[in-house]
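Keep in mind that what you see is a predicted model, and the values were worked out from it rather than measured. Residues take their numbers from the sequence shown, with the count starting at 1. Remember, it's 1-based here, ligands and their atoms both numbered in the order they're listed. The figures that follow rest on heavy atoms only: side chains count, while hydrogens, waters and symmetry mates do not.
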Amino acid sequence: MTLQLDLDSPLMQPDFSFGIATAAFQIEGANTADGRCESIWDKFCQLEGKVLNGDDGSMACDHYHLWREDIDLIESLGVDSYRLSIAWPRIINDIDGSVNASGLAFYDNIINQLNARNIKVFVTLYHWDLPQYLEDHGGWLNRDTVHAFVHYAEIISQHFQQRIYSYCTFNEPWCSAYLGYQYGVHAPGHKSRKMGLQAAHHLLLAHGLAVPVIRRHCGGAQVGIVLNFTPGDSASDSQEDLRATQIYNDYNSHWFIQPLMQGSYPSSIVQLYAEDQPVIEASDLADINVSIDFLGVNFYTRAVVATPASNADELFQLVPQADAEHTDIGWEIHPAALYKLLTELNRMYNLPPIYITENGAACDDHIVDGQIDDQQRCRYLQQHLLAVEQAVQEGVVIKGYFAWSLMDNFEWAEGYSKRFGIVYVDYKSQKRTLKKSAHSYRNLLNSRVFIKN
Ligand code: IFM
């Protein structure tokens with residue numbers, strides 16, 4: 001299977017941007033170099049049983065030292081854009097808010113190189129690596145963290161201005177809040193719904209307060225946020241399953257997008273989880289509802305949802321789809337859900353332009369005779385590109401697509417066991433080898449040249 005789109009596809013036009021994405025903690029390593037302070041993920045990795053095989057981010061892809069080669073690699077793929085995150089612990093390494101010049105210098109090098117090569121720079125300010133000194137004071141449960149983030153966002157936007165094409169405040173606040181504070185599977189590992197909802201509120205508020213500050217300094221660059229969606233489909237047409245699915249979607253999707261777009265939280269969740277509601281100050285929802293230039297959508301899979309057994313403490317349950325195809329991380333492959341998600345969000349909300357900021361597959365890749373024939377990933381990417389194309393044809397404004405990820409990397413609680421890269425990483429030698437999907441992505445992108453000229 002090769003990646004292919006018709007030459008007259010809206011995705012093949014010059015105004016549609018193709019890119020590739022990474023995140024700091026997942027690739028950089030060097031987690032004590034040049035004044036970087038500890039993050040919640042450094043600490044979490046040290047706790048027994050939290051990360052598969054006891055893996056950690058101390059080496060990762062050693063991108064901190066191999067960034068020049070990695071930029072060559074990115075350029076060789078022919079992408080228009082590169083989405084990376086900046087590690088807050090490299091920049092503000094002390095609770096007093098002081099700035100670490102070496103941290104800025106590291107990203108200066110990368111961003112200047114990308115600018116010199118005409119690769120648009122999409123930066124995420126927060127991709128989960130909270131400085132541990134803030135977690136020691138309550139992390140995202142403490143409203144002071146909101147202000148610490150705004151300070152950090154100001155430092156970055158003042159420094160980089162329009163050298164960054166697109167500023168994203170947060171990547172997937174659902175993960176930071178729910179996986180980190182409600183389900184305990186991500187750093188910092190708390191387990192309480194009330195904490196999850198409070199953390200979510202503070203993350204959204206930090207976004208809302210940071211946007212005008214970034215705008216003041218960024219010289220007209222785009223400012224937005226990235227949300228992850230695993231949309232729920234009802235297991236049946238029964239009233240009970242439909243209701244459970246609505247609650248699931250309100251809790252997981254609309255709890256995040258509704259305040260951003262409409263300045264309110266879903267009333268179902270406010271009522272159903274009344275005791276767990278966050279502390280919200282009078283102007284918070286108006287602040288969260290700030291206008292943004294783009295919405296990033298990360299999509300991997302869907303969920304099938306049913307009403308739970310009567311004694312369960314959740315109001316919905318997920319129904320495994322044993323007969324469907326899954327990726328190596330156990331996620332169902334269901335590209336139709338991406339099309340449905342995009343068209344539904346477009347109907348429900350007055351959206352800014354969308355970027356698909358992450359989409360990809362974890363596969364059990366192996367090098368055979370120097371090659372990695374990742375057929376499942378190629379199929380996955382092709383099917384999802386067609387879903388995006390279909391949504392655009394139906395009038396959803398989508399300006400770009402980023403494959404996740406440039407190269408295999410630290411997959412959070414799964415450690416290095418899951419490979420999402422289109423480039424294979426041998427972690428012992430740090431050798432990078434293009435997988436078939438990378439060759440195919442490059443061919444697709446290069447085939448656009450005929451249109452552009
Ligand atoms: O690796 C992650 C990434 O950090 C955030 N989005 C989902 C990816 C796959 O789990």
Item to check | Qualifying residues under ring pair (Phe, Tyr, Trp, His ring centres under 6.0 Å), relative to F44, sequence neighbours excluded | outcome: W41

Next on the checklist: Less than 6.0 angstrom separating the ring centers of F410 and Y416, yes or no?
Outcome noted: yes

Item to check | Non-neighbouring partners of A105 that pass side-chain contact (heavy atoms from CB on, under 4.5 Å), sequence neighbours left out | outcome: none

Checklist entry - Is S253 reaching over with its side chain to a backbone N or O of F229, donor-acceptor style, under 3.5 angstrom? => result no

Checklist entry - Which residues pass the ring pair (Phe, Tyr, Trp, His ring centres under 6.0 Å) test with Y133, sequence neighbours left out? => result none

Next on the checklist: Quick check with a 6.0 Å cut-off and a 45 degree axis cone: is R432 positioned over the face of Y424's six-membered ring?
Outcome noted: no

Item to check | Neighbour list for ligand 1 [protein residues, heavy atom under 4.0 Å] | outcome: Q26, H127, W128, N171, E172, Y300, W331, E358, W404, E411, W412, F420

